[in-house]
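Below you'll find the structure, written out as structure tokens, and then a few comments.
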Amino acid sequence: MTATQRVTVRVPAKVNLQLAVGPLRDDGYHDLVNVFHAVSLFDEVTATEPAAAGTFTVRVEGEAASQVPADATNLATRAAEALAKHAGQIGADGRPYGVDLLIRKAIPVAGGMAGGSADAAAALLACDALWGLGLPREELMEIGAGIGSDVPFALLGGTAVGTGRGERLTPVPATGAFHWVFALADGGLSTPRVYGECDRIRAEAGEEVAWPTADEALMAALRAGDARALGAALANDLEPAALALRPSLARTLDVGRDAGALGAIVSGSGPTCAFLAASADHARELSAALTAAGVCRAAVTAEGPVPGAEIVP
Ligand SMILES: C[C@@](CO)(OP(=O)(O)O)[C@H](O)COP(=O)(O)OP(=O)(O)OC[C@H]1O[C@@H](n2ccc(N)nc2=O)[C@H](O)[C@@H]1O
Ligand SMILES: Nc1ncnc2c1ncn2[C@@H]1O[C@H](COP(=O)(O)OP(=O)(O)O)[C@@H](O)[C@H]1O
């Protein structure tokens with residue numbers, strides 16, 4: 001252990017600007033073109049030296065704490081244990097690595113905004129500092145990919161294209177800031193269930209599943225910082241599946257569109273819906289319209305892109 005006794009990391013949620021889902025692979029995953037965009041909705045993870053060396057514990061605070069497992073299945077705990085294994089289990093002081101984690105949760109749980117992956121990424125960065133490992137971020141991203149497909153992006157942040165199962169990342173140059181509104185839903189949607197429903201819908205339609213490719217219009221909109229063009233290019237192949245499993249989301253999307261959103265989309269596997277606004281004021285207006293229509297549990301505004309997981313000084 002180093003002299004550092006406590007490290008706090010702030011980590012953003014994501015929205016998928018394009019989620020092109022390719023064929024189902026033999027390993028149960030789908031090849032993707034996943035355009036990730038980090039937004040200013042953050043969880044915080046604090047890593048503290050444990051009372052007993054070699055133990056891993058986790059506590060969760062926040063409105064949704066009861067929906068998050070506070071045991072070894074928590075993605076943050078799994079990430080910390082994976083890092084300890086990677087580092088050889090025993091620190092330079094001869095004591096086994098261990099950590100007490102505290103998660104302050106603001107990212108909706110099972111909401112399609114990768115909150116669990118964000119916590120795993122934050123735990124990797126926090127434990128790396130707590131244990132004095134000093135691993136390069138790329139190495140943490142590789143360990144993160146073993147925990148979940150979305151974990152590497154939470155370490156990278158900004159805007160990036162993910163290929164493979166979403167873990168192989170290439171940053172995308174983007175100009176300016178985009179203004180978002182997120183309509184949070186009651187309850188979550190299971191990611192494997194939404195992918196399964198996508199496969200079922202495609203099989204029923206007898207569709208040939210195309211190899212996923214990045215949308216050039218979307219990339220150009222990002223390079224130019226053109227919110228209107230970006231709004232028109234937003235696309236999510238999981239949206240029909242999320243709507244089939246949660247039909248009420250169709251009305252949420254319609255209310256946002258009718259209120260003038262530049263783009264309206266289910267975020268990843270849902271059920272959070274994302275709306276692109278023309279400005280911060282416009283985002284506040286959209287948020288008010290969604291709340292007034294009663295089509296969401298709450299509406300929150302955010303900006304993107306923001307950096308990935310960062311240690312709080
Ligand atoms: C859909 C997306 C979009 O970014 O995220 P969410 O919207 O749920 O946050 C991701 O693809 C979710 O990534 P993540 O939540 O890390 O998934 P993983 O733990 O790796 O996988 C969970 C399950 O999702 C399915 N899965 C995931 C990724 C992928 N490329 N193909 C898949 O089919 C598989 O059934 C897998 O067993
Ligand atoms: N730290 C964590 N935060 C949120 N969920 C977690 C965490 N660890 C494990 N989970 C489990 O992972 C599931 C998916 O969580 P989350 O990442 O929030 O959703 P999504 O994949 O839709 O973005 C949750 O239902 C929860 O049971």
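Atoms within a ligand are numbered from 1 in the order they appear, just like the ligands themselves. One is the number of the first residue; the rest follow in order along the sequence.
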- request: Specify the protein heavy atom at minimum distance from atom 24 (C) of ligand 2: its residue, its atom name, and the distance to 0.1 Å.
  value: V109 CG1, 4.0 Å

- request: For atom 17 (O) of ligand 2, find the nearest protein heavy atom and state the residue, atom name and distance (0.1 Å precision).
  value: G116 N, 2.8 Å

- request: Please report which non-hydrogen protein atom sits nearest to atom 5 (O) of ligand 1, along with the residue it belongs to and the distance in Å to one decimal place.
  value: D150 OD2, 2.9 Å

task: Give the atoms of ligand 1, by number and element, whose distance to some non-hydrogen atom of F36 is under 4.0 Å.
output: 4 (O)

field: Residue part near ligand 1, for Y29, under 4.0 Å between non-hydrogen atoms
entry: both

- prompt: So, for atom 22 (C) of ligand 1, does the protein have a heavy atom nearer than 4.0 Å?
  reply: no

message: What protein heavy atom lies closest to atom 17 (O) of ligand 1? Include the residue and the distance to one decimal.
response: S149 OG, 4.1 Å

query: Does N74 reach ligand 2 with a nitrogen or oxygen that is under 3.5 Å from one of the ligand's nitrogen or oxygen atoms?
result: yes

message: How far is atom 10 (N) of ligand 2 from the closest protein heavy atom, and which atom is that?
response: P69 CD, 3.8 Å

- request: Report the part of L75 (side chain from C-beta onward, or backbone N, CA, C, O) that has a heavy atom under 4.0 Å from ligand 2; answer both or neither where that applies.
  value: both

task: Measure up the F36 and F153 rings against each other and bin them: parallel (under 30°), tilted (30 to 60°), perpendicular (over 60°).
output: parallel

task: Count the heavy atoms of every other residue, nucleotide or ligand shown that sit under 6.0 Å from CD of E208, and state whether that count exceeds 12.
output: no

Heavy atom of the protein closest to atom 7 (C) of ligand 2 (residue, atom name, distance): V68 CG1, 3.8 Å

- prompt: What protein heavy atom is closest to atom 31 (N) of ligand 1, reported as residue, atom name and distance in Å?
  reply: H30 N, 2.8 Å

- prompt: Do you see a donor-acceptor pair shorter than 3.5 Å between the side chains of H179 and D281?
  reply: no

Derivation of the salt bridge (Lys or Arg N to Asp or Glu O under 4.0 Å) call for D27 and R165: CA-CA 10 Å; D27 63 3; R165 59 188 165 84; 5.6 Å; no

statement: Among non-hydrogen protein atoms, atom 18 (O) of ligand 2 lies closest to A110 N, 2.8 Å

statement: In ligand 1, the atoms that come under 4.0 Å of a heavy atom of S269 are 6 (P), 7 (O), 8 (O)

query: What atoms of ligand 1 come within less than 4.0 Å of a heavy atom belonging to K14?
result: 3 (C), 4 (O), 5 (O), 6 (P), 7 (O), 9 (O)

- request: Within a distance under 4.0 Å of any heavy atom of G28, pick out the atoms of ligand 1 and give their elements.
  value: 33 (O), 34 (C), 35 (O)

query: To which of A70, A120, A114 does the heavy atom nearest atom 23 (O) of ligand 2 belong?
result: A114

field: L238 side chain reached by E197 side chain, heavy atoms, under 4.5 Å
entry: no

message: Applying a heavy-atom cut-off of 4.0 Å, say which part of V151 lies close to ligand 1: side chain, backbone, both or neither.
response: neither

Enumerated ligand 2 atoms positioned under 4.0 Å from heavy atoms of K105: 3 (N), 4 (C)

field: Residue, atom name and distance, where the atom is the protein heavy atom closest to atom 25 (C) of ligand 1
entry: Y195 CD1, 3.4 Å

statement: For atom 21 (O) of ligand 2, the closest protein heavy atom turns out to be T191 OG1, 3.1 Å

Atom 22 (O) of ligand 2: nearest protein contact (heavy atom, Å): G112 N, 2.8 Å

- prompt: Which ligand 1 atoms does G268 reach within 4.0 Å, using its non-hydrogen atoms?
  reply: 7 (O)

statement: Going by the 4.0 angstrom heavy-atom rule, the piece of V194 near ligand 1 is neither

message: Under 4.0 Å, heavy-atom basis, I'd like to know which part of S269 is in contact with ligand 2: side chain, backbone, both or neither.
response: side chain

field: Option whose closest heavy atom lies nearest to atom 1 (N) of ligand 2, chosen from V60, T73, D119
entry: D119

- prompt: How does M113 reach ligand 2, by side chain, by backbone, by both or by neither, if only non-hydrogen atoms under 4.0 Å count?
  reply: backbone

- request: For G115, take its heavy atoms, then give the atoms of ligand 2 lying under 4.0 Å from any of them.
  value: 17 (O), 18 (O), 23 (O)

